[in-house]
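Quick note: numbers below take in every heavy atom, side chains included, and nothing from hydrogens, waters or symmetry partners.
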Number of protein chains: 2
Amino acid sequence: MGVTLKDVARLAGVSAKTVSNVVNGCPGVSDALRRRVRDAIGQLGYRPHLAARHLRTGRTGLLALVVDTPHLDEVARAILRAAAQRGHRVVVAPRGPARGVTAAWRDVPADGILLGTNAPPRDVLDAEVTAGTPLVLLGEGRDDRCDRVGVDMVRAARDATAHLLALGRRRIAAIGADPGPSRSRTAGYRQALRRAGIDAPAAYVRATARPERTDGYHAARSLLAHDPPPDAIFCYSDPLAVGAIRAATDAGLRVPDDVAVIGFGGTEEGRYVRPSLSTVVPDAEVIARAAVTRIVARIACPDLPPAEIVAPHTVLPRESAPAPPGGSRPASPRESAPELPGGTVRACPRGSVPHRETAPHTPRAGDGAAAAGGPRVPA
Amino acid sequence: MGVTLKDVARLAGVSAKTVSNVVNGCPGVSDALRRRVRDAIGQLGYRPHLAARHLRTGRTGLLALVVDTPHLDEVARAILRAAAQRGHRVVVAPRGPARGVTAAWRDVPADGILLGTNAPPRDVLDAEVTAGTPLVLLGEGRDDRCDRVGVDMVRAARDATAHLLALGRRRIAAIGADPGPSRSRTAGYRQALRRAGIDAPAAYVRATARPERTDGYHAARSLLAHDPPPDAIFCYSDPLAVGAIRAATDAGLRVPDDVAVIGFGGTEEGRYVRPSLSTVVPDAEVIARAAVTRIVARIACPDLPPAEIVAPHTVLPRESAPAPPGGSRPASPRESAPELPGGTVRACPRGSVPHRETAPHTPRAGDGAAAAGGPRVPA
DNA sequence: CTGAAAGCGCTTACAG
DNA sequence: CTGAAAGCGCTTACAG
């Protein structure tokens with residue numbers, strides 16, 4: 001407590017500037033001096049005072065991550081890994097109370113925010129945008145003025161629903177959080193049904209207050225008491241689906257025979273429930289890499305035109321909604337990614353029209369294994 | 001970006017000091033002035049620059065929470081709630097790489113750290129202690145120089161094992177993370193067996209690299225191939241137990257008939273797996289309240305002698321290790337709390353001998369329901 | 001390649 | 001009850 005740059009400078013017999021240069025790895029310091037300064041730093045146990053640096057430069061060197069919705073849990077984990085790997089420090093900002101979402105993260109000192117909340121309220125977003133906060137959206141929310149990295153939610157929901165249709169289900173229900181935030185998933189769900197010539201009763205779409213297990217449990221219980229009961233349920237998050245499975249089996253129904261269930265998020269938990277959970281898997285690694293790259297670029301270059309980066313997703317059939325009999329044919333990353341011209345994030349391009357890009361899907365060893373894992377071998 | 005206290009002062013026609021007083025709610029400002037200042041703040045959209053305040057006062061106003069081990073997941077959630085409720089801002093610091101744990105949180109600006117990691121490495125702890133970082137330990141780790149808030153781990157493990165014994169099990173195995181970090185749980189497990197006159201083979205105690213589902217899966221699989229196979233498994237975290245259940249059922253065994261399983265942590269997830277998971281439930285609310293109170297006190301008053309605050313725990317029987325036939329008799333909070341003189345945390349007492357206290361267990365409405373919930377009604 | 005000085009936006013003794 | 005001044009620990013033009 002209390003060793004300052006000045007102390008180091010005095011001990012090393014140099015000026016503060018030189019110490020600063022050494023600490024920040026700036027060129028223009030002779031090797032001899034550099035060593036002397038390093039020694040002094042080690043000897044005194046000097047650590048730079050982050051707040052002072054922040055006050056001076058306006059930069060904290062921290063990224064804030066806000067994840068509000070369980071379908072992004074795996075994405076959040078991947079972001080933490082990706083950032084650590086590239087030497088970016090991240091703090092996780094707790095989400096605030098429903099409305100005052102802002103409060104929670106406004107006060108964490110960070111250079112930019114990765115916002116994994118569905119439906120950031122309009123006014124909150126406005127405040128951040130006008131304040132000039134570098135912001136990358138991860139959830140459903142979309143805004144012309146902001147970057148977004150994530151899967152094509154409409155298409156992902158359509159694929160999930162199509163998977164249930166391919167199993168021969170016709171009475172397909174949907175359980176999700178508030179209608180507002182989940183708009184695009186509901187749109188995808190409806191698209192798939194429409195294409196199949198099916199008209200779902202209004203009662204088949206259930207909003208829940210939160211996207212948690214208990215909400216899924218209760219929504220499913222009520223849904224299964226409907227006449228006629230659904231023979232399949234698409235849940236907008238894995239926890240919702242876990243609750244739905246429990247509700248169905250508690251009601252004496254067989255999953256998937258009586259009612260198939262599919263979730264959204266690709267969480268580990270789904271592998272272990274019984275029956276194991278079929279789910280839509282966003283490519284968390286791709287999202288994480290793109291999101292970190294993007295927020296860093298945005299911080300460095302605030303005038304970058306807002307971009308939307310679309311990551312691939314996969315439908316992962318497990319026990320609760322297995323691959324259709326005619327041969328397993330889950331949407332591959334290739335198929336599920338929108339057919340748009342690819343591209344990479346360029347630094348500070350001219351122009352300011354929001355553009356849309358497809359994230360490059362760099363396959364890694366283990367990718368397939370991770371996605372394909374059936375219930376039998378939780379690797 | 002850029003509205004400073006000075007701007008507010010100028011607009012309101014007062015000095016910086018007065019604005020500062022108003023912002024910080026200090027007395028000694030007339031109501032008229034206070035209003036004028038408030039108006040100016042609103043008009044300009046002024047928000048104090050946290051780094052400047054930090055630099056000046058040495059306080060960030062933030063608490064850091066580090067949770068490294070899933071048996072504290074519910075505790076972490078409760079801490080976030082408790083802190084928010086009392087107006088303390090918390091940031092969650094990501095855990096660093098195994099050894100350099102420090103790195104991850106040293107750089108998040110916080111006034112104190114709630115450290116929910118088992119076995120904080122000695123040198124890391126030494127560094128924090130000598131740096132004078134206010135620190136409250138939540139996990140197994142214990143240190144004469146630090147506060148700790150948590151359940152009596154030895155006793156909790158003993159209770160879990162005793163529960164399996166009460167079911168008539170004799171070949172009881174244990175699955176946990178590294179032996180070091182989990183020392184006291186292993187001690188409790190052994191105590192219970194010894195008291196029952198049982199000698200478990202060394203192979204019945206399995207260390208795992210991490211406390212996650214997949215680790216539990218593999219450890220259990222190998223354990224169940226042992227001759228003779230265990231008829232019960234105590235897992236040091238709920239995810240380990242979820243993995244163990246899946247391994248057992250995948251191997252064609254019935255849980256609990258062939259092998260009973262009990263976890264540790266009382267996570268929600270355990271309610272939804274099938275069979276639902278019996279588990280040791282730390283009283284997360286008590287721990288959360290005590291931990292927040294303690295870290296705040298410690299920050300305000302660094303010379304407080306270190307205290308250990310012991311919170312109650314309960315054994316929650318569910319399907320994977322049901323209540324013993326002779327009538328459900330899980331350890332009650334009263335029974336499971338150590339028989340030590342109660343006490344409350346006093347502010348800055350004299351003396352410096354580490355003392356031990358029992359946290360007051362203030363029963364709240366819904367407490368019973370939350371703890372007793374069987375699998376049928378995930379509230 | 002290195003040094004001395006100014007200033008980031010607050011708070012806090014110190015005067016009035 | 002309010003104001004003017006100093007300083008927290010850095011970095012960054014600006015000189016040498």
Side-chain angles (χ1 to χ4, degrees), chain A residues 1-41 44-62 89 106-107 109-111 131-132 299-300, chain B residues 1-41 44-62 89 106-107 109-111 131-132 299-300:
Chain A
M1 296 284 73
V3 179
T4 76
L5 182 145
K6 252 183 177 162
D7 299 326
V8 176
R10 201 173 312 126
L11 179 60
V14 299
S15 78
K17 167 112 204 290
T18 304
V19 178
S20 180
N21 283 341
V22 171
V23 169
N24 295 304
C26 300
V29 184
S30 71
D31 283 359
L33 265 200
R34 193 176 295 276
R35 267 203 51 183
R36 225 160 77 208
V37 171
R38 288 250 159 82
D39 286 350
I41 287 175
L44 295 173
Y46 167 74
R47 310 203 43 180
H49 192 300
L50 266 20
R53 183 180 288 175
H54 178 190
L55 179 56
R56 184 59 235 242
T57 63
R59 290 283 167 81
T60 65
L62 288 172
R89 315 222 78 92
R106 289 288 319 218
D107 288 341
D111 296 332
I299 290 165
Chain B
M1 293 286 72
V3 180
T4 75
L5 181 145
K6 251 181 179 163
D7 300 325
V8 176
R10 201 174 312 125
L11 179 60
V14 300
S15 77
K17 167 113 205 287
T18 303
V19 179
S20 178
N21 283 341
V22 171
V23 169
N24 296 302
C26 299
V29 184
S30 71
D31 283 358
L33 266 200
R34 192 175 295 277
R35 268 204 51 182
R36 225 161 76 208
V37 171
R38 287 249 159 82
D39 287 350
I41 287 175
L44 296 173
Y46 167 72
R47 309 203 43 182
H49 193 300
L50 267 19
R53 184 180 286 176
H54 178 190
L55 179 57
R56 183 61 235 239
T57 62
R59 290 283 167 80
T60 65
L62 287 172
R89 317 220 77 89
R106 287 293 313 223
D107 288 340
D111 296 333
I299 290 165

Exercise. So, is B:Ser20 near the phosphate of C:dC10, with a side-chain N or O under 4.0 Å from OP1 or OP2?
Worked result: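 No.
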Exercise. If only side-chain N and O atoms of A:Ser30 are considered, is one of them under 4.0 Å from the OP1 or OP2 phosphate oxygen of C:dT2?
Worked result: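 Yes.
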Problem set entry | Qualifying residue, where the test is side chain to side chain contact (heavy atoms under 4.5 Å, CB included) with A:Leu5 and the options are A:Thr18, A:Val19, A:Ile41 |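 Output: one option passes, namely A:Val19.
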I'd like to check the side chain to side chain contact (heavy atoms under 4.5 Å, CB included) partners of [X]; sequence neighbours left out, ordered by chain and number.
{"X": "A:Ala40", "result": "A:Val8, A:Leu11, A:Ala12"}
{"X": "A:Arg38", "result": "A:Val22, A:Arg34"}
{"X": "A:Arg56", "result": "none"}
{"X": "B:Arg59", "result": "B:Thr57, B:Asp111, B:Ile299"}

Kindly give the atom pairs (protein nitrogen or oxygen, nucleotide nitrogen or oxygen) under 3.5 Å for nucleotides 14-16 of chain C.
none

Problem set entry | Any residue of residues 50-59 of chain A with a heavy atom less than 4.0 Å from an atom of DNA chain C | A:Leu55, A:Arg56
Problem set entry | Dot-bracket pairing map - DNA chain D, Watson-Crick plus G-U, both contacts under 3.5 Å, | cross-strand | |||.||||||||.|||
Exercise. For the atom pair CG (B:Leu33) and OG (B:Ser15), what is the distance rounded to the nearest 0.5 Å?
Worked result: 9.0 Å
Minimal non-hydrogen separation, [X] against [Y], with atom names:
{"X": "A:Pro109", "Y": "A:Thr60", "result": "O-OG1, 3.6 Å"}
{"X": "B:Val37", "Y": "B:Val14", "result": "CG2-CG2, 4.0 Å"}
{"X": "B:Val23", "Y": "B:Tyr46", "result": "CG2-CE2, 4.0 Å"}

For this session: Could you identify which residues of residues 4-12 of chain B place a heavy atom less than 4.0 Å from some atom of DNA chain D, listed by residue number, or say none?
Result: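 By residue number: none to list.
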I need the [atom1]-[atom2] distance between [X] and [N], as an integer number of Å.
{"X": "B:Leu44", "N": "C:dG9", "atom1": "CG", "atom2": "P", "value": "14 Å"}
{"X": "B:Asn21", "N": "C:dT12", "atom1": "CG", "atom2": "P", "value": "10 Å"}
{"X": "A:Arg47", "N": "D:dC10", "atom1": "CZ", "atom2": "C1'", "value": "15 Å"}
{"X": "B:His49", "N": "C:dT11", "atom1": "NE2", "atom2": "C1'", "value": "15 Å"}

Exercise. Does the side chain of B:Asn24 come within less than 4.5 Å of B:Arg53's, by heavy atoms?
Worked result: yes
Exercise. Is it true that A:Asp39 and A:Arg36 make a salt bridge, defined as a side-chain N closer than 4.0 Å to a carboxylate O?
Worked result: no
Exercise. Among pairs that include at least one residue of residues 15-25 of chain A, which meet salt bridge (Lys or Arg N to Asp or Glu O under 4.0 Å), considering only residues two or more places apart or in two chains?
Worked result: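 Passing the test, one end in residues 15-25 of chain A: no pairs.
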